[in-house]
Amino acid sequence: MDATAVLAGLDPEQRAAAEAVRGPVCILAGAGTGKTRAITHRIAYAVRSGAVPAGQVLAVTFTARAAGELRGRLRRLGADGVQARTFHAAALRQLRYFAPRVLGGGMPDVVDNPLRLVGSAANRLGLQADRAELRDLAAEVDWARSVLATAETYPAMVAAAGRQPPQPAETIARLLGEYEQAKRRAGGLDFADLLLIMSAAMAEYRDVAEEVRARYRHFVVDEYQDVSPLQQRLLDAWLGDRDDLCVVGDPNQTIYSFAGATPEHLLHFRRRFPHAVTVKLQRDYRSTPQVVALANRIVADSPVRLRLVGQRAPGPEPSFTAHDDEPAEAADVAQRCRTLLGRGTAASEIAILYRVNAQSEVYEQALADARVPYVLRGGERFFDRPEIRQARLLLRGAAHGEDGAEKLPDAVRAVLSELNWHPESPPAGGAARERWESLTALVALAEDLSAAAPQTSLAGLVAELDARAVAQHAPTVQGVTLASLHSAKGLEWDAVFLVGLTDTMLPIQHAVTAAQLDEEKRLLYVGITRARERLALSWAGARAPGQRRTRRPSRFLDGIRPADEPQPSPPRRRKDKPEAADAELFGRLRAWRRAEADAQHVPPFVIFSDATLVGIADSRPASVAALAAVKGVGAVKRERYGAAVLAVVAGQEPVVGGGPAPAT
C-alpha cells in the first residue's frame, strides 16, 4: 500500500492528525469521531512514508481488547511491526528482560488478584471484612498506588481528593504498609510494581534507560484522559528529554477518577509542549444530529470546547418521559423494547443503561414479563449475586419459624441485619455500596408487597422471589443489553434507554464536590453518546406505586427537557455547588462525623446518614427543638450528638465523643 493511499477516506481533521507524523501531537477526539481510525492511519502513514521505523513505535492503550484492535488495524494497513500494548503489558515485557540487572535475579511472580494479600494485611490490622469490603479495600490500595500515595502521604491526598475511603484514612495508611509487607512475604509483585520498578530502573540505571529509549523513539497514547499519575511517570521515563509523543483523548469522557485517572495531563499538554500540534476531531459519525445536539448541551459549560457536529442523516428527537414510579418506568421501557424488536431492530442493538447495578432488578423483571430477552454486561443477574443468594437462604429459613406478629418489612430488615445490612446510608466503597443497594432492593420489594397486601408473610415474599428468579433466569443467546453507564463506555447501540435519571441517582447522592458533580455530568454525556439513532431518557417520581412523587428529575436535565415538560420545584434550600453555604456546612458536618466514627470505631453512617446531614445543613438548626425537626435525628441521637452538631452549625469546634445537648 502506497503511503498516500493510507490517507484516502480520512476527513480533513483526521488527515491533519495523520500527517503530523512527528510529535508532540495532541488529538482531542469527541465521541464517535473516529479517533482509532485517525491514530492507526497516522502510525501507518508515518511508517509507510519512511518517517518512522515500525519497530521504534510503541502504541499504548488501557485494555488488552483495545490493544488487540490496534494491532489488527495496523496489520491491515501494512504497519504490523508496531508494538501496541497496555501500560502494564509493556512494563511487564521490559521488566522480564531487565530483571537480572535491576532485580538481581529472575522475574518474581506477578499477583493477578491482590485480594488475598489485602486480606492478609487487613487481618494483621484486626480488620474484619467480608468479601465486598475486601474488594473495596483492594480498590483503595490500587487507587493509592495509581496516584503515587504512600502510607505517609495517603491521608493528605485522600482528603485533597474529597474521597470517602472504606475505612478511616489513618487505617488505610496502615493497611498500605501492611500490604507491602504481605507482598514481600509472598515474594511477588503487583501490577503497580511493574510500572514503579521500570520507571525507577530507568532513573537509576543509565544503561537500562538508554536501551529502552533506543528501542522505542515514538509513542502514541490512546484514551489519554484516563492516564494516572503512575502511568504518566512511566511514560515520562520512556520519553526522557524527547517529545515524540502523540496523545489522543476526550476530556468530556473522563469518568474513572475513582480509579486514579485524571484528565490534567491531557488538558495541560500544550502547557508542557507549547509547540505541540493540536487537532480537534468533532465530526460525529456515530449518532444522529438530534442525539449529538443533546450531547453538546450537556457539556456546554465544559472548559474544553469540543463541540460535536453530527454527520449522519437526521433521526427522531430524543424523548423525555416522567413516570409515576419505577415499575411503571421499567414496564414502559420493556414495551418500547418489544416494539423496536417487532419493527426489526435486533435485540443486540438495544441497551438500557443505569447509574448503579442495583437498578437492574426492576428491568430484569419487566423485560421477563414482556418476554423480551436480555443480557447483563459488567455485572451478575440480580438473583445470581452472592448477597441475594445468601439473603434468600436466610429469608427461607426465617419463613419456617415466623409467627406473623411482625410486619413484613420489619421482618426482612431483621433477617438482613444478619448480613450486616443497616437501613442507614450506604457504606463507602463501590463493592460494599453495591451489596448494600442490592439488599436494600429486597427491603423495597417487601415494602411494596406489604403496601399492596398488608397480610403478606415472609413465606409469601420467598414465593415471590422464587417466581421472579425463575422468570429472570431464562437462558438467552441474544438480548437487550442491561448495563451500568460506566461499563457502557466504548460501546454503542442503535437504541439506548437512559433510565432512573433522578437527583441523588445521577448525580449520585455521595457526589458532593464540584469535581465529583462534573464527573457525574460527564457520565450522562457518555450515556447519551452511546446511541446511534434512538435515545430515550426517563425517570420516576416515586419508587413504588401509590407513593408520593417526591423525586425530581436529574438537575443535569434542567433547561434541556422540552419546554412543555413540567419543571418541578427544586428541594428546599438544596444547592448543587459545594461553594454554596449549606454545602460548606455539609462538608464540615461530614468531617465531624468521620472524626466521631473514628473515635467509636464504627462506620460513619451509624452516626448519621448523608441524607440526615443534608437536612441539618439545609435547615441550620440553632436549638435542640429545631434539630429534632430534622428527619433522622431521634431522641437518642439528639442526646448523644446534639451538642456537637449544634457546635458545627454555629461554626464552633465540636467535642468528639458525643455528649448531652444543651438545654433550650
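The model shown is predicted, which means the values in this text are computed figures rather than measured ones. Basis for what follows: all heavy atoms, side chains included, without hydrogens, waters or symmetry-related copies.
- Side chains of Arg42 and Gln14: a donor-acceptor N/O pair is absent below 3.5 angstrom, by distance only.
- Using a 4.5 Å heavy-atom threshold, the side chains of Arg270 and Cys26 count as separate.
- For Glu533 and Arg286, the salt-bridge test fails: no basic side-chain N is under 4.0 Å from an acidic carboxylate O.
- Of all non-hydrogen atoms in Leu485 and Leu506, the two that sit nearest each other are CD1-CD2, 4.3 Å.
- Judged by distance alone, the side chain of Gln516 and the main-chain N or O of Gly162 form a donor-acceptor pair under 3.5 Å.
- Atom CZ of Arg530 has more than 12 heavy atoms from other residues, nucleotides or ligands within 6.0 Å.
- Across all their heavy atoms, Val221 and Val227 have their closest contact at CG1-CG2, 4.2 Å.
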- Would you please test Arg145 and Asp193 for side chain to side chain contact (heavy atoms under 4.5 Å, CB included) and show each step? CA-CA 9 Å; Arg145 311 264 286 152; Asp193 287 324; 2.6 Å; yes

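- Nearest approach of Ala295 to Tyr525, heavy atoms of both residues: O-CD1, 3.5 Å.
- Salt bridge annotation for Asp503-Arg551: absent, with no cationic side-chain nitrogen under 4.0 angstrom from a carboxylate oxygen.
- Leu367 places a side-chain heavy atom less than 4.5 Å from the side chain of Ile352.
- Across all non-hydrogen atoms, the minimal contact from Cys246 to Ile27 is SG-CD1, 3.9 Å.
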- Would Glu223 and Lys489 satisfy salt bridge (charged side-chain N to carboxylate O under 4.0 Å, His left out), going step by step from the backbone distance to the final call? CA-CA 12 Å; Glu223 302 286 4; Lys489 187 174 183 292; 3.4 Å; yes

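- In terms of modelled atom types and a separation under 3.5 Å, the side chain of Arg297 and the main chain of Ala293 share no donor-acceptor contact.
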- Task: Check step by step if side-chain hydrogen bond (donor to acceptor under 3.5 Å, both in side chains) holds for Ser257 and Arg163.
- Result: CA-CA 10 Å; Ser257 65; Arg163 189 178 178 89; over 6 Å; no

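- If you take CG on Leu524 and CZ on Arg555, they are separated by 12.5 Å, rounding to the nearest 0.5 Å.
- Under a cut-off of 6.0 angstrom, the local environment of CZ in Arg73 is crowded, with over 12 non-hydrogen atoms contributed by other residues, nucleotides or ligands.
- Taking CG from Leu353 and OG1 from Thr481, the interatomic distance works out to 8.5 Å, rounded to the nearest 0.5 Å.
- Arg377 is not listed as a side-chain neighbour of Leu482, based on a closest heavy-atom distance of 4.5 Å or more.
- No donor-acceptor pair under 3.5 Å is formed between the side chain of Gln225 and the backbone N or O of Gly249.
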- Query: Between Ser484 and Arg355, is a side-chain hydrogen bond (donor to acceptor under 3.5 Å, both in side chains) present by the stated rule, with each step listed?
  - Reply: CA-CA 5 Å; Ser484 70; Arg355 178 61 178 84; over 6 Å; no

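- A cation-pi geometry, defined here as NZ or CZ lying under 6.0 Å from the six-membered ring centre and within 45° of its normal, does not hold between Arg532 and Trp493.
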- Can you list the steps and then say if Val277 with Val279 is a side chain to side chain contact (heavy atoms under 4.5 Å, CB included)? CA-CA 7 Å; Val277 173; Val279 180; 4.1 Å; yes

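- In this structure the side chain of Trp238 reaches within 4.5 angstrom of the side chain of Val60, judged on heavy atoms.
- Closest non-hydrogen pair, Pro166 versus Asp136, comes out as CG-O, 3.9 Å.
- Using modelled atom types, no side-chain atom of Thr254 and backbone atom of Pro263 make a donor-acceptor pair closer than 3.5 Å.
- The side-chain heavy atoms of Phe191 and Leu196, taken from C-beta on, include no pair separated by under 4.5 Å.
- Panel note: side chain Gln290, backbone Gly315; a donor-acceptor pair is recorded below 3.5 Å.
- Here Arg522 does not pair with Asp518 in a salt bridge; the nearest charged N to carboxylate O distance is not below 4.0 Å.
- When all heavy atoms are compared, the tightest approach of Leu281 to Ala38 is CD1-CB, 3.9 Å.
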- Do Leu235 and Leu245 pass the side chain to side chain contact (heavy atoms under 4.5 Å, CB included) test, and can you show the C-alpha distance, the side-chain angles, and the key distance before you say yes or no? CA-CA 10 Å; Leu235 179 60; Leu245 170 66; 4.2 Å; yes

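- Between Trp143 and Tyr154, the two ring planes are perpendicular [angle over 60°; tilted spans 30° to 60°].
- Side chain to side chain, Gln231 and Tyr224 fail the donor-acceptor criterion of an N or O pair below 3.5 Å.
- Atoms CZ and CG, from Arg593 and Leu589 in turn, are 9.0 Å apart once rounded to the nearest 0.5 Å.
- The residues Arg312 and Asp284 are annotated as not salt-bridged, no charged nitrogen and carboxylate oxygen being separated by less than 4.0 angstrom.
- Between Asn252 and Val526 the shortest side-chain heavy-atom distance does not fall below 4.5 Å.
- The shortest side-chain heavy-atom distance between Asp190 and Tyr179 falls under the 4.5 Å cut-off.
- Ionic pairing of Lys280 and Glu13 is not present here: no N-O contact between side-chain nitrogen and carboxylate oxygen is shorter than 4.0 angstrom.
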- Take Leu294 and Leu537 through the side chain to side chain contact (heavy atoms under 4.5 Å, CB included) test and state the conclusion after the steps. CA-CA 11 Å; Leu294 180 60; Leu537 302 91; 3.9 Å; yes

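- Taking the six-membered ring for Trp and the full ring otherwise, the centers of Phe258 and His486 sit less than 6.0 Å from each other.
- Surrounding CZ of Arg65 are at most 12 heavy atoms belonging to other residues, nucleotides or ligands under 6.0 Å away.
- Under the 3.5 Å distance criterion, the side-chain polar atoms of Glu492 are left unmatched by any main-chain donor or acceptor of Gly490.
- Distance alone, capped at 3.5 Å, is enough to place a donor-acceptor pair between the Ser146 side chain and the Asp142 backbone.
- For the 3.5 Å distance criterion, the side chains of Glu349 and Thr345 fail to qualify, holding no donor opposite an acceptor.
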- Query: Would Lys35 and Asp222 satisfy salt bridge (charged side-chain N to carboxylate O under 4.0 Å, His left out), going step by step from the backbone distance to the final call?
  - Reply: CA-CA 9 Å; Lys35 69 176 180 65; Asp222 192 14; 2.9 Å; yes

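- Put simply, CG on Leu308 and CG on Asn296 are 5.0 Å apart, with the number rounded to the nearest 0.5 Å.
- Atoms CZ and CG, on Phe87 and Leu195 in that order, are 7.5 Å from each other to the nearest 0.5 Å.
- For the atom pair CD of Gln253 and CG of Asp226, the computed distance is 9.0 Å after rounding to the nearest 0.5 Å.
- A side-chain donor-acceptor contact under 3.5 Å links Glu329 to the backbone of Gly500.
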